[in-house]
Structures are given as C-alpha cells and as structure tokens.
2 protein chains.
Amino acid sequence: MSLKDVAAHAGVSVKTVSNVVNKYQHVTPATREKVQRAIDALGYRPNLTARHLRKGRTGIIALAVPELGNPYFAELAGAVVDAAAAHDYTVLLDHTQGSRERELLVTQGFRARVIDGLILNPLELEAEDLAARTDDAPLVLIGERRYDLPHDHIAIDNIAAARTAVRHLLDLGRRRIAFLGARGDRPSQPSHLRLLGWQAELAASGVTADEALVAPVEGWDRADGAAGMAALLDAGHRPDAVFAYNDLIAIGAMRVMSERGLRVPEDVAVVGFDDLTEGRYGAVTLTTVAPDKQAIARLAVESIVERLAGEGGVGATRRLHPGFALMERESTLGRRPAN
Amino acid sequence: MSLKDVAAHAGVSVKTVSNVVNKYQHVTPATREKVQRAIDALGYRPNLTARHLRKGRTGIIALAVPELGNPYFAELAGAVVDAAAAHDYTVLLDHTQGSRERELLVTQGFRARVIDGLILNPLELEAEDLAARTDDAPLVLIGERRYDLPHDHIAIDNIAAARTAVRHLLDLGRRRIAFLGARGDRPSQPSHLRLLGWQAELAASGVTADEALVAPVEGWDRADGAAGMAALLDAGHRPDAVFAYNDLIAIGAMRVMSERGLRVPEDVAVVGFDDLTEGRYGAVTLTTVAPDKQAIARLAVESIVERLAGEGGVGATRRLHPGFALMERESTLGRRPAN
DNA sequence: GTGAAAGCGCTAACAA
DNA sequence: TTGTTAGCGCTTTCAC
C-alpha cells in the first residue's frame, strides 16, 4: 500500500497523488476527487518514515527528564507535549533517572536522525560532557544547573526565586530559617543556586546564616525530605522556618513535623519550590515558589523550532529566564477562617 | 555522512560497512578494524530513519494517556517507558485530555508507520470507534473501561478491587459508605466498574446501598473530589466512610473534611484507589487500592512486542488482569503511635 | 568474506 | 496541471 498503488488505482502518476496528499494547490478538482476516491477505497495512509528519510525531518523532539514519578517533571512533560503539539511536533520521552551516564547517552546521538531536537533537564551532567557532544540535533537545556555552553538554556532565575522565598519568611519574623535540600558531596548539584539565594537573602538582611541549618538530603523526593528533616531535628536543631529545595522535600518534612507534634506554620513555617498541585490539597497547603512551567516548556520547544527553521544561520546562544511567583499559602500564613 | 562516505574512506564496499555497523559475525578482524577507524574518524552515526524505512520497524511505540498532570498516568507512563526500554523500544507520548475526538485521532493512523504499536488508556472512546479503526499497528488498551473488541486489554479486576476496599470499610464497622466519583450523565465512564463493586459488596453484606451516598464528580482531580465531597455534606448527608474513585478525589475530599472539622478516620474513614506516592505523605496517610502499575506497563509492552514478533499469526485477543493490593493506612486505621 | 545493485515509499527537480 | 525520475541512507539478496 503505497503512493504507487493509489496512483495505479486512480490512473494518475505518483506525483499527482503526492500533490493531493500534500494539499498542493494546483490540482484540478476533478483529479483531486478521483485521487481522493482511490485513497479512500484503498485506505491509504502515507508512510511517514519514508517522508522522514526524504525530508530529513521527522517532527519528533525528544524530552529527557530524570523521572516521571516526580510530579514536577510529569507536569513539565505534559506542558512540553502540549507546547510541541502547538508546533505539530510529537514528543519522544526518555528517563535519565538522574544518572550521568544516561544523561550522556541521551545527548550522544540518541535516536540519531529520528529526533529533530532534544530537550534535556540534566541533574548530573557536567559541562565537559556536553562540550564533547558530536550529535548535531539542536539541544536545549532546562532546569537549574548553570553551564557555560553553546546551547540555549531555559531556567527561571533560581537565586532570585530563592531570595523571594527567604524574604517572605523573614518578613513573617522568622530568623532561624533552615535550608533543606543541600547535597554536601556534590557542589554543582541543582540545589546549589537555591542555597546561594538563601545565603544571599539572609546576608542582605543582616541575619546570620547558621550553617548548621543547611540540612542535606539524599535525593529529591518526599522520603528524602522526611529523612533530612528528621535528621535535623534529631541533631537538636530547632528552626522556626524551613525553605525546602522543592515541594516534595517540603511535604516529606511536614509529615515528619506532624508526627513529632510540631505545628506548621505556628512552630515552623515552610516554603517549597515548584508549585505542585499536590501542595494545594494537603491538610496544610504549601507556600511555594511557582516557576512558570508552561513558559519553560514553550520556550524550550520554540528554541528548537527556531534553530531548525534558521537554515544554517544559527543565532547566538540564549539564556532565557521565564517568570516565577511566590504562592503564599497556609504553611506560612496559617489557615484562614473558612468562608 | 552516510555508509557510502565511510565505505569510501575505508576503501571497502557499503555492504562491508553495514556488516560492521550491525555486528555481523563473518568479517575479518582486519577489515572490521579498518572500517571502525573510518567510522570513528568521520564520526559516523547510522541514519535510523533510513533503517526504519528499509526494515518497516522503528522501535517506537506510542503511549496515549489522558494527561500527565494526573500522577497516576505519570507514574504509569514512567513504568511504560522503563518496560519499553527493556525491549529496546522508545516511547512516543501523547495526550488525549480525556477527549473522545483526540482518543479517536490517536487510534486512527497516528504517526502511521513510525510507531510500531500503540498503548492507549481511553476514557471516552466507545466500542464502535475502535471497531472502525483501520490502522494495523497493534493496539493494546489499558485501564478500567470494558470493551468487547479484538484488542488486548490490560486492566486489574476493578470490581474485585472495589469490593476489597468496601469490605475493608465494612470490617471496620462502617455502614454508611459513600461512593465518591460517579458520573451520572455518562454510564459507561471508567468509574462504573468501581461503583458496581461498591454495590456488590454492600449487597453481599446485607447492607442497604443508600443511593444518596453515590456522589457525583465533574472530573477526576483533587478539585473535583473536594467539590463532590462538599456537595455531599451540603446536602446534609453524613457518611461514616468514603470510597473514592481514585486517590486524587480522596485527597480533595479529605481536604474539605479537614476544613469542616471532620476527623479522618474517626468521623469518616477514607479509601482511595491508585496508590499514588502522594497519598503516603499527607497529614493522614491514605488507605488505597494499589494496582500493580509495573505489571500493567510490562504486560502492555509485551503484548505489542509479541504481536509484532508473531509474523502474521496473530494470537487470540487477551484480557489480562494484573494484581492489586489494599494498602491499609491512617485514613482507615488511624495514626499508630510513632515508633 | 566482500561487492554490486535493487528497492523500502516518499518528495522535488525537471520535463512535458 | 501532471508525469518521469533521481535519490534520501539503509539492508539484503545474489554473485563472486
């Protein structure tokens, strides 16, 4: 079942069938009709792989995130799928599980020539890994890592966002503000910029940054936040606020506080990061920094689309910073009277 | 940059390069070495679209779920990506947004010939839509709808699972058990089977099923659960337990109860469905029915792989029922003393 | 063990 | 407006 069969059935040439299939303007209505009937009769569908080979484009972009079990990446992936669809692109999805090796693999000729471009949210990848990349499909990075590389990079201003969160806690009168989400062993980890923001805002306010309140975590999920918070409390520290690397960690921490009879926000105010829907429905809704996920997704897709359209004349590398907003909820403000 | 270039560079034929690339056994070490050097020198990577065209297979399967913002589908998608990777398949992802039209579109020649098979979790699709399908890529359905169609269908036994949940509540002495998640207007909706299970288990236990306790929702998210629960309470009903269609609805309902001073589980016990990680970290952890998502994903992928392997000789259509388990947590048992 | 050549289905020059 | 044909890069008979 190919163009040739349809052509034979309709008594025209393949070119004519191709013209009809591709909605080429200059086809007489009669021919068009005749061809269309043949198409319907045979149930013809164009073989897209052949088209891809011929055109050198597939309309597929790959998205590689650490894992979909993390709602932030799931929501982001959903946004990317939608943004891609708006440009008639489809998304090929891959997991990196936060493994440097898998991140490397995905940047190095992953599905070569079948993906037109790649959107990657790296966790472990180092600049030199990326510098060694040979694949020529456009690559755009998203997320909080900072690289100095010739690839577009989409990320909100993490330092400013973190400062906003800490500022909010300071404004509420909190002074012993813990940062929950450090990775002591890996200085270039994603959380680094947010830690810098925490330090900067405390410094700017003349509050001493107690390094004992920089609490490490083993990962980025709820269980890690719970363990990190438990360790902090077990060490005898008593913060009056927690700025967590992300919402999942904040949620894990709140669970631990609840188990230990600490009230949020009366005893400990909590701010997260990501604005997961999940944070809006807990017993205590979560104050959080909301990155504009739609914008991140849109900008990432547009970056690829533009580089593909720019026939060879590649523009300069861009650092784009979508907006963010602080969502003030019960974990800092307390519960308002039901209305 | 193609096989031909490499062949020229190495001074051999295209066939020989192809043999090396495809790890064909009978190549003399000397030739292999020579070719490999040329490959490295030129940075050659096979053009997969050409290979796809030639072989008629792409190694890509499509997964269509309603939306990734729902953690159940996100977790499932993650499991599918992993299950596919185990068979050297990659996943192309699409959203249907629970729209019948989009579900239809995806079953009808979506990316024809570029996807080897399709895994679909339908919400709105009707049997006749599927019966009219012409695309010949293997299609496997997942999820709780019941069809009588010549496609493999992977789903846990929803009626049995629902009965287990209701049984648990009855065992705890609850008698006014609400079902939160009906869609009155659409009898063939996914929640139907779980409603049937609710009815069956009550009947089997000689408890009168109070139809007033069958509460409708407008959708499947937390906000819908909250609204549905609020409406139930506003109507003056006082259930002593809630069996929710899914965890998100249960979580929304619990939030409303918390706002209204109802204690879970003392006043109202709650059971959800899906075993989202989210349910394990709330102030009150959620008792829930846990479908075996890994198994669902694995079986779905295997179904496609097997049909693809079965050269024409297509086996009989299968209805597969992966297992499930009731996870008993605080929303029915209450909080145990911290240990 | 290696080479020559056909052909997967499509698009796009170029011709008519 | 429509037809002819080359060729995208690969795999795969079939020779040698």
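Worth saying up front: this structure is predicted, and the values here are computed from it rather than measured. In what follows, chains carry the letters A, B, and so on, assigned in the order in which the sequence lines appear, proteins first and then strands, with residues in each chain numbered from 1.
If you check D:dT4, C:dT2, D:dG9 against the side chain of B:R54, the one that comes closest is D:dG9. The side chain of B:T31 sits closest to C:dG1 out of C:dC10, D:dG3, C:dG1. In this structure, the nucleotide among D:dT4, C:dT2, D:dG9 sitting nearest to the side chain of B:Y24 is C:dT2. If you check C:dG9, C:dC8, C:dT11 against the side chain of A:R51, the one that comes closest is C:dT11. Which of C:dG9, C:dT11, D:dG3 sits closest to the side chain of A:S13 comes down to D:dG3.
For the pair A:H26 NE2 and D:dG3 P, the computed distance is 16 Å after rounding to whole Å. One can place NE2 of B:H52 at 10 Å from P of D:dT11, the figure rounded to the nearest angstrom. The distance between atom CG of A:N47 and atom P of D:dC8, rounded to the nearest whole Å, is 18 Å. A:E33 places its CD atom 18 Å from the P atom of D:dT1, with the value rounded to the nearest Å. Regarding A:K15, its NZ atom lies at a distance of 11 Å from the C1' atom of D:dT4, rounded to whole Å. The distance from atom CG of A:N22 to atom C1' of C:dG9 is 13 Å, rounded to the nearest whole Å. Nucleotide D:dG9 holds its C1' atom 7 Å from the OH atom of B:Y44, rounded to whole Å. What separates CD1 of B:I39 from P of D:dC10 is a distance of 10 Å, to the nearest Å.
Nearest-nucleotide assignment on DNA chain C puts the 5′-proximal partner with B:G11, out of A:P46 and B:G11. Mapping B:V27 and B:K55 onto DNA chain C by nearest heavy atom places B:V27 at the nucleotide closer to the 5' end.
Distance alone, capped at 3.5 Å, places no donor-acceptor pair between the A:E67 side chain and the A:T96 backbone. With hydrogens and angles ignored, the 3.5 Å screen pairs no side-chain donor or acceptor of A:D82 with any backbone N or O of A:A79. A donor-acceptor pair under 3.5 Å is formed between the side chain of A:D116 and the backbone N or O of A:T58.
Within 4.0 Å (heavy atoms only), A:V12 reaches sugar-phosphate atoms of the nucleic acid but no base atom.
For C:dT11, one of the phosphate oxygens OP1 or OP2 lies less than 4.0 angstrom from a side-chain nitrogen or oxygen of A:S18. Close to D:dG3, at under 4.0 Å from its OP1 or OP2, lies a side-chain N or O of A:T16. The shortest distance between the side-chain N/O atoms of A:S2 and the OP1/OP2 oxygens of C:dG9 is not below 4.0 Å. Look at B:T28 and you won't find any side-chain N or O under 4.0 angstrom from OP1 or OP2 of C:dG1.
Ion pairing between a basic and an acidic side chain is recognised when a charged N comes within 4.0 Å of a carboxylate O; A:K293 and A:D274 show no such pairing. The pair B:R133-B:E128 fails the salt-bridge criterion, with no side-chain N (NZ, NE, NH1 or NH2) lying under 4.0 Å from an Asp/Glu carboxylate O.
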